[in-house]
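Working notes for the structure below.
Everything quoted here is computed from the prediction, not taken from an experiment.
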2 protein chains.
Amino acid sequence: MAPLKHRVLQVADCPSRLLLDELADKWSVLIFAALNDGPMRFNEIKRTLEGITQKALTQTLRRLERNGIVARRVVETSPIAVEYSMTTLGKSLKKPFKALYEWTLVNLPEVETARQVFDIKSAR
Amino acid sequence: MAPLKHRVLQVADCPSRLLLDELADKWSVLIFAALNDGPMRFNEIKRTLEGITQKALTQTLRRLERNGIVARRVVETSPIAVEYSMTTLGKSLKKPFKALYEWTLVNLPEVETARQVFDIKSAR
DNA sequence: CAGAATCCGTATCGATACTG
DNA sequence: CAGTATCGATACGGATTCTG
(Lines give C-alpha, C1' and ligand atoms only; values in the text may rest on other atoms or scores of the structure.)
Protein backbone atom coordinates (compact mmCIF):
# COMPACT_ATOMS: atom_id res chain seq x y z
CA MET A 1 0.00 0.00 0.00
CA ALA A 2 0.94 3.62 -0.15
CA PRO A 3 3.57 4.97 2.23
CA LEU A 4 2.70 7.24 5.11
CA LYS A 5 2.80 10.40 3.09
CA HIS A 6 -0.35 9.17 1.39
CA ARG A 7 -2.26 9.67 4.57
CA VAL A 8 -5.12 10.87 2.42
CA LEU A 9 -5.97 7.21 1.98
CA GLN A 10 -6.96 7.06 5.59
CA VAL A 11 -9.71 9.57 5.17
CA ALA A 12 -12.94 7.74 4.57
CA ASP A 13 -14.17 10.04 1.83
CA CYS A 14 -10.90 10.12 -0.08
CA PRO A 15 -11.88 10.18 -3.79
CA SER A 16 -9.50 7.35 -4.62
CA ARG A 17 -11.05 5.18 -1.95
CA LEU A 18 -14.54 5.94 -3.15
CA LEU A 19 -13.49 5.02 -6.65
CA LEU A 20 -12.02 1.73 -5.48
CA ASP A 21 -15.29 0.98 -3.74
CA GLU A 22 -17.13 1.42 -7.01
CA LEU A 23 -14.77 -0.68 -9.07
CA ALA A 24 -13.73 -3.49 -6.76
CA ASP A 25 -17.08 -4.81 -5.65
CA LYS A 26 -18.26 -8.33 -6.29
CA TRP A 27 -20.03 -8.03 -9.65
CA SER A 28 -17.87 -5.29 -11.13
CA VAL A 29 -14.81 -7.48 -11.12
CA LEU A 30 -16.72 -10.35 -12.72
CA ILE A 31 -18.18 -8.16 -15.44
CA PHE A 32 -14.77 -6.69 -15.95
CA ALA A 33 -13.30 -10.14 -16.47
CA ALA A 34 -16.04 -11.09 -18.90
CA LEU A 35 -15.75 -7.98 -21.06
CA ASN A 36 -12.00 -8.22 -21.22
CA ASP A 37 -12.40 -10.95 -23.83
CA GLY A 38 -14.44 -8.72 -26.10
CA PRO A 39 -17.82 -6.95 -26.34
CA MET A 40 -20.90 -8.70 -25.04
CA ARG A 41 -24.62 -8.16 -25.11
CA PHE A 42 -26.72 -7.73 -22.01
CA ASN A 43 -28.19 -11.19 -21.77
CA GLU A 44 -24.94 -12.70 -22.88
CA ILE A 45 -23.23 -11.23 -19.84
CA LYS A 46 -26.12 -12.33 -17.69
CA ARG A 47 -25.74 -15.92 -18.87
CA THR A 48 -21.99 -15.85 -18.35
CA LEU A 49 -22.26 -14.62 -14.77
CA GLU A 50 -24.63 -17.20 -13.44
CA GLY A 51 -26.27 -15.98 -10.29
CA ILE A 52 -26.58 -12.31 -11.13
CA THR A 53 -30.04 -10.76 -11.38
CA GLN A 54 -30.92 -8.36 -14.17
CA LYS A 55 -31.29 -5.63 -11.59
CA ALA A 56 -27.78 -6.12 -10.24
CA LEU A 57 -26.39 -6.41 -13.75
CA THR A 58 -28.07 -3.20 -14.89
CA GLN A 59 -26.94 -1.29 -11.81
CA THR A 60 -23.36 -2.49 -12.07
CA LEU A 61 -23.13 -1.81 -15.81
CA ARG A 62 -24.49 1.69 -15.26
CA ARG A 63 -21.93 2.41 -12.61
CA LEU A 64 -19.09 1.09 -14.73
CA GLU A 65 -20.37 3.13 -17.65
CA ARG A 66 -20.61 6.24 -15.52
CA ASN A 67 -17.01 5.82 -14.41
CA GLY A 68 -15.85 5.46 -17.99
CA ILE A 69 -14.85 1.81 -17.63
CA VAL A 70 -17.34 0.28 -20.05
CA ALA A 71 -19.11 1.66 -23.12
CA ARG A 72 -22.76 1.04 -23.97
CA ARG A 73 -23.82 0.88 -27.61
CA VAL A 74 -27.41 0.47 -28.74
CA VAL A 75 -28.00 -1.41 -31.98
CA GLU A 76 -31.36 -0.35 -33.41
CA THR A 77 -32.52 -3.73 -34.59
CA SER A 78 -35.82 -5.32 -33.66
CA PRO A 79 -35.77 -6.54 -31.04
CA ILE A 80 -33.21 -4.08 -29.82
CA ALA A 81 -29.63 -5.13 -29.06
CA VAL A 82 -27.25 -3.49 -26.59
CA GLU A 83 -23.57 -4.17 -26.69
CA TYR A 84 -21.18 -3.50 -23.81
CA SER A 85 -17.45 -3.20 -24.22
CA MET A 86 -14.38 -2.08 -22.32
CA THR A 87 -13.15 1.44 -22.88
CA THR A 88 -9.46 2.26 -23.18
CA LEU A 89 -9.63 3.46 -19.60
CA GLY A 90 -11.22 0.19 -18.59
CA LYS A 91 -8.56 -1.84 -20.32
CA SER A 92 -5.87 -0.02 -18.38
CA LEU A 93 -7.36 -1.51 -15.24
CA LYS A 94 -6.48 -4.97 -16.41
CA LYS A 95 -2.92 -4.93 -15.15
CA PRO A 96 -3.57 -3.89 -11.53
CA PHE A 97 -6.61 -6.16 -11.30
CA LYS A 98 -4.65 -9.07 -12.66
CA ALA A 99 -1.89 -8.52 -10.12
CA LEU A 100 -4.42 -8.67 -7.32
CA TYR A 101 -6.15 -11.70 -8.73
CA GLU A 102 -2.88 -13.54 -9.12
CA TRP A 103 -2.01 -12.77 -5.53
CA THR A 104 -5.12 -14.66 -4.49
CA LEU A 105 -4.22 -17.59 -6.73
CA VAL A 106 -0.75 -17.84 -5.24
CA ASN A 107 -1.67 -17.21 -1.62
CA LEU A 108 -5.06 -18.86 -1.29
CA PRO A 109 -3.58 -22.07 0.19
CA GLU A 110 -1.81 -20.11 2.89
CA VAL A 111 -4.96 -18.12 3.62
CA GLU A 112 -6.97 -21.31 3.95
CA THR A 113 -4.47 -22.73 6.40
CA ALA A 114 -4.69 -19.54 8.43
CA ARG A 115 -8.46 -19.82 8.46
CA GLN A 116 -8.36 -23.36 9.79
CA VAL A 117 -5.96 -22.39 12.54
CA PHE A 118 -8.12 -19.42 13.48
CA ASP A 119 -11.36 -21.39 13.46
CA ILE A 120 -9.92 -24.14 15.62
CA LYS A 121 -8.58 -21.59 18.09
CA SER A 122 -11.87 -19.74 18.37
CA ALA A 123 -13.86 -22.93 18.76
CA ARG A 124 -12.55 -23.33 22.28
CA MET B 1 -7.64 -9.27 -15.50
CA ALA B 2 -7.02 -12.92 -16.07
CA PRO B 3 -7.22 -14.31 -19.60
CA LEU B 4 -10.09 -16.48 -20.74
CA LYS B 5 -8.65 -19.70 -19.43
CA HIS B 6 -9.29 -18.33 -15.95
CA ARG B 7 -12.98 -18.70 -16.49
CA VAL B 8 -13.23 -19.79 -12.90
CA LEU B 9 -13.31 -16.12 -12.04
CA GLN B 10 -16.73 -15.88 -13.54
CA VAL B 11 -18.24 -18.29 -11.08
CA ALA B 12 -19.71 -16.34 -8.20
CA ASP B 13 -18.45 -18.66 -5.49
CA CYS B 14 -14.91 -18.90 -6.84
CA PRO B 15 -12.63 -19.01 -3.77
CA SER B 16 -10.38 -16.30 -5.17
CA ARG B 17 -13.34 -14.00 -5.67
CA LEU B 18 -14.61 -14.66 -2.18
CA LEU B 19 -11.17 -13.87 -0.84
CA LEU B 20 -11.03 -10.60 -2.75
CA ASP B 21 -14.39 -9.68 -1.28
CA GLU B 22 -12.95 -10.13 2.20
CA LEU B 23 -9.78 -8.18 1.58
CA ALA B 24 -10.81 -5.36 -0.70
CA ASP B 25 -13.70 -3.87 1.22
CA LYS B 26 -13.78 -0.33 2.49
CA TRP B 27 -12.24 -0.62 5.95
CA SER B 28 -9.86 -3.49 5.23
CA VAL B 29 -7.88 -1.42 2.79
CA LEU B 30 -7.66 1.48 5.23
CA ILE B 31 -6.54 -0.73 8.11
CA PHE B 32 -4.10 -2.35 5.77
CA ALA B 33 -2.62 1.02 4.90
CA ALA B 34 -2.35 2.00 8.54
CA LEU B 35 -0.64 -1.18 9.71
CA ASN B 36 1.83 -1.11 6.88
CA ASP B 37 3.75 1.54 8.76
CA GLY B 38 4.18 -0.67 11.81
CA PRO B 39 2.18 -2.31 14.61
CA MET B 40 -0.65 -0.40 16.20
CA ARG B 41 -2.94 -0.79 19.17
CA PHE B 42 -6.69 -1.02 18.91
CA ASN B 43 -7.61 2.51 19.85
CA GLU B 44 -4.63 3.84 17.97
CA ILE B 45 -6.03 2.41 14.76
CA LYS B 46 -9.44 3.72 15.68
CA ARG B 47 -8.10 7.24 16.08
CA THR B 48 -6.18 7.01 12.80
CA LEU B 49 -9.21 5.93 10.82
CA GLU B 50 -11.58 8.64 11.83
CA GLY B 51 -15.13 7.58 11.15
CA ILE B 52 -14.86 3.91 11.96
CA THR B 53 -16.86 2.48 14.86
CA GLN B 54 -15.53 -0.02 17.37
CA LYS B 55 -17.84 -2.61 15.97
CA ALA B 56 -16.66 -2.20 12.42
CA LEU B 57 -13.04 -2.09 13.50
CA THR B 58 -13.35 -5.25 15.57
CA GLN B 59 -15.16 -7.10 12.81
CA THR B 60 -12.67 -6.08 10.16
CA LEU B 61 -9.64 -6.88 12.31
CA ARG B 62 -11.10 -10.31 13.09
CA ARG B 63 -11.61 -11.05 9.42
CA LEU B 64 -8.12 -9.92 8.51
CA GLU B 65 -6.74 -11.99 11.36
CA ARG B 66 -8.70 -15.03 10.28
CA ASN B 67 -7.31 -14.71 6.76
CA GLY B 68 -3.76 -14.51 8.06
CA ILE B 69 -3.26 -10.89 7.00
CA VAL B 70 -2.83 -9.34 10.44
CA ALA B 71 -1.60 -10.75 13.75
CA ARG B 72 -3.17 -10.00 17.12
CA ARG B 73 -0.97 -9.91 20.21
CA VAL B 74 -2.30 -9.40 23.72
CA VAL B 75 -0.02 -7.60 26.18
CA GLU B 76 -1.03 -8.59 29.69
CA THR B 77 -0.65 -5.20 31.28
CA SER B 78 -3.30 -3.43 33.28
CA PRO B 79 -5.29 -2.14 31.60
CA ILE B 80 -4.82 -4.65 28.85
CA ALA B 81 -3.12 -3.73 25.58
CA VAL B 82 -3.68 -5.38 22.21
CA GLU B 83 -1.28 -4.85 19.38
CA TYR B 84 -2.07 -5.53 15.75
CA SER B 85 0.55 -6.00 13.07
CA MET B 86 0.88 -7.17 9.50
CA THR B 87 1.93 -10.76 8.92
CA THR B 88 4.41 -11.72 6.22
CA LEU B 89 1.45 -12.80 4.14
CA GLY B 90 -0.18 -9.47 4.72
CA LYS B 91 2.91 -7.57 3.71
CA SER B 92 2.98 -9.42 0.41
CA LEU B 93 -0.35 -7.79 -0.39
CA LYS B 94 1.24 -4.39 -0.40
CA LYS B 95 2.48 -4.52 -3.96
CA PRO B 96 -0.81 -5.46 -5.70
CA PHE B 97 -2.80 -3.07 -3.51
CA LYS B 98 -0.40 -0.28 -4.24
CA ALA B 99 -0.68 -0.88 -7.98
CA LEU B 100 -4.44 -0.59 -7.75
CA TYR B 101 -4.28 2.49 -5.59
CA GLU B 102 -1.88 4.19 -7.95
CA TRP B 103 -4.18 3.44 -10.85
CA THR B 104 -6.84 5.49 -9.12
CA LEU B 105 -4.41 8.34 -8.50
CA VAL B 106 -3.40 8.45 -12.15
CA ASN B 107 -6.83 7.92 -13.67
CA LEU B 108 -9.13 9.72 -11.28
CA PRO B 109 -9.24 12.86 -13.44
CA GLU B 110 -10.34 10.88 -16.46
CA VAL B 111 -12.94 9.07 -14.39
CA GLU B 112 -14.32 12.34 -13.11
CA THR B 113 -14.61 13.67 -16.63
CA ALA B 114 -16.47 10.52 -17.66
CA ARG B 115 -18.82 11.00 -14.72
CA GLN B 116 -19.66 14.54 -15.72
CA VAL B 117 -20.36 13.49 -19.29
CA PHE B 118 -22.57 10.64 -18.11
CA ASP B 119 -24.48 12.78 -15.62
CA ILE B 120 -25.17 15.47 -18.18
CA LYS B 121 -26.37 12.89 -20.70
CA SER B 122 -28.72 11.22 -18.25
CA ALA B 123 -30.11 14.52 -17.04
CA ARG B 124 -32.04 14.84 -20.30
C1' DC C 1 -8.17 -0.41 27.14
C1' DA C 2 -10.37 -3.58 24.20
C1' DG C 3 -13.90 -5.54 23.39
C1' DA C 4 -18.99 -8.11 23.51
C1' DA C 5 -23.96 -7.56 23.24
C1' DT C 6 -28.02 -5.29 21.99
C1' DC C 7 -31.22 -2.47 19.57
C1' DC C 8 -32.78 -0.18 15.61
C1' DG C 9 -33.12 2.43 11.17
C1' DT C 10 -31.80 1.99 6.45
C1' DA C 11 -29.50 0.58 2.45
C1' DT C 12 -29.36 -3.35 -0.29
C1' DC C 13 -31.16 -7.42 -2.71
C1' DG C 14 -33.97 -10.81 -4.87
C1' DA C 15 -38.30 -11.79 -6.84
C1' DT C 16 -42.02 -10.32 -9.51
C1' DA C 17 -44.61 -7.74 -12.81
C1' DC C 18 -44.70 -4.70 -16.63
C1' DT C 19 -42.98 -2.09 -21.12
C1' DG C 20 -40.93 -0.10 -25.66
C1' DC D 1 -34.24 -8.13 -25.95
C1' DA D 2 -33.17 -4.92 -22.57
C1' DG D 3 -34.58 -2.85 -19.57
C1' DT D 4 -37.83 -0.01 -15.52
C1' DA D 5 -40.77 -0.07 -11.35
C1' DT D 6 -42.25 -1.86 -7.18
C1' DC D 7 -42.34 -4.38 -2.87
C1' DG D 8 -41.08 -7.30 0.97
C1' DA D 9 -37.26 -9.65 3.35
C1' DT D 10 -32.89 -8.98 5.42
C1' DA D 11 -28.35 -8.01 5.96
C1' DC D 12 -25.73 -4.28 7.53
C1' DG D 13 -24.01 -0.13 9.92
C1' DG D 14 -24.25 3.07 13.63
C1' DA D 15 -25.24 4.30 18.29
C1' DT D 16 -25.49 2.83 22.85
C1' DT D 17 -24.64 0.14 26.92
C1' DC D 18 -21.99 -2.96 29.65
C1' DT D 19 -17.67 -5.66 31.22
C1' DG D 20 -12.98 -8.09 32.44
Looking at [X], does any N or O in its side chain come under 4.0 Å of the phosphate oxygens OP1/OP2 on [N]?
X	N	answer
B:R72	C:dA2	no
B:Y84	C:dC1	no
A:R62	D:dA2	no
A:R41	D:dC1	no

Only pairs under 3.5 Å count here: list side-chain donor-acceptor contacts from residues 103-111 of chain A, not counting sequence neighbours, and write none if there are none.
residue : atom : partner : partner atom : Å
A:W103  : NE1  : B:S92   : O            : 3.4
A:W103  : NE1  : B:S92   : OG           : 2.9
A:T104  : OG1  : A:Y101  : O            : 2.5
A:T104  : OG1  : B:S16   : OG           : 3.2
A:N107  : ND2  : A:W103  : O            : 2.9

Which pair of non-hydrogen atoms, one from [X] and one from [Y], has the smallest distance, and what is that distance?
X	Y	answer
A:M86	A:F32	CE-CE1, 3.0 Å
B:T77	B:A81	OG1-N, 3.6 Å
B:L23	B:F97	O-CZ, 3.6 Å

Reported CG-to-NZ distance for the pair A:L49 and A:K26, which is rounded to 0.5 angstrom
10.0 Å
What is the separation between atom [atom1] on [X] and atom [atom2] on [N], rounded to the nearest whole Å?
X	N	atom1	atom2	answer
A:L57	D:dG3	CG	C1'	10 Å
A:I45	D:dG3	CD1	C1'	13 Å
B:K46	D:dG14	NZ	C1'	11 Å
A:E65	D:dA2	CD	C1'	13 Å
A:D25	D:dC12	CG	C1'	16 Å
A:D21	D:dG13	CG	P	12 Å
A:N43	D:dG3	CG	P	9 Å
B:E76	C:dG3	CD	P	12 Å

Only counting residues at least two apart or in another chain, list the ones meeting side-chain contact (heavy atoms from CB on, under 4.5 Å) with A:E44.
A:M40, A:R41, A:R47
Could you work out, with side-chain contact (heavy atoms from CB on, under 4.5 Å) as the rule, every residue matching B:K55, not counting sequence neighbours?
B:T53, B:Q59
Any heavy-atom pair between the side chains of B:T48 and B:L30 that's under 4.5 Å?
no
Just report the end-to-end axis angle for the helix from C:dC1-D:dG20 to C:dG20-D:dC1, five pairs per end, to 10 degrees.
50°
With a cut-off of 3.5 Å and sequence neighbours excluded, list every side-chain donor-acceptor pair involving residues 67-76 of chain A.
residue : atom : partner : partner atom : Å
A:N67   : OD1  : B:R115  : NE           : 2.6
A:N67   : OD1  : B:R115  : NH2          : 3.0
A:N67   : ND2  : A:E22   : OE1          : 2.7
A:N67   : ND2  : A:R63   : O            : 3.1
A:R72   : NE   : A:Y84   : OH           : 3.3
A:R73   : NH1  : A:E83   : OE1          : 2.8

Taking protein heavy atoms under 4.0 Å as touching, what does nucleotides 5-20 of chain C look like 5' to 3' if B marks base contact, S marks sugar-phosphate-only contact and - marks none?
-BB-----BBBBB---
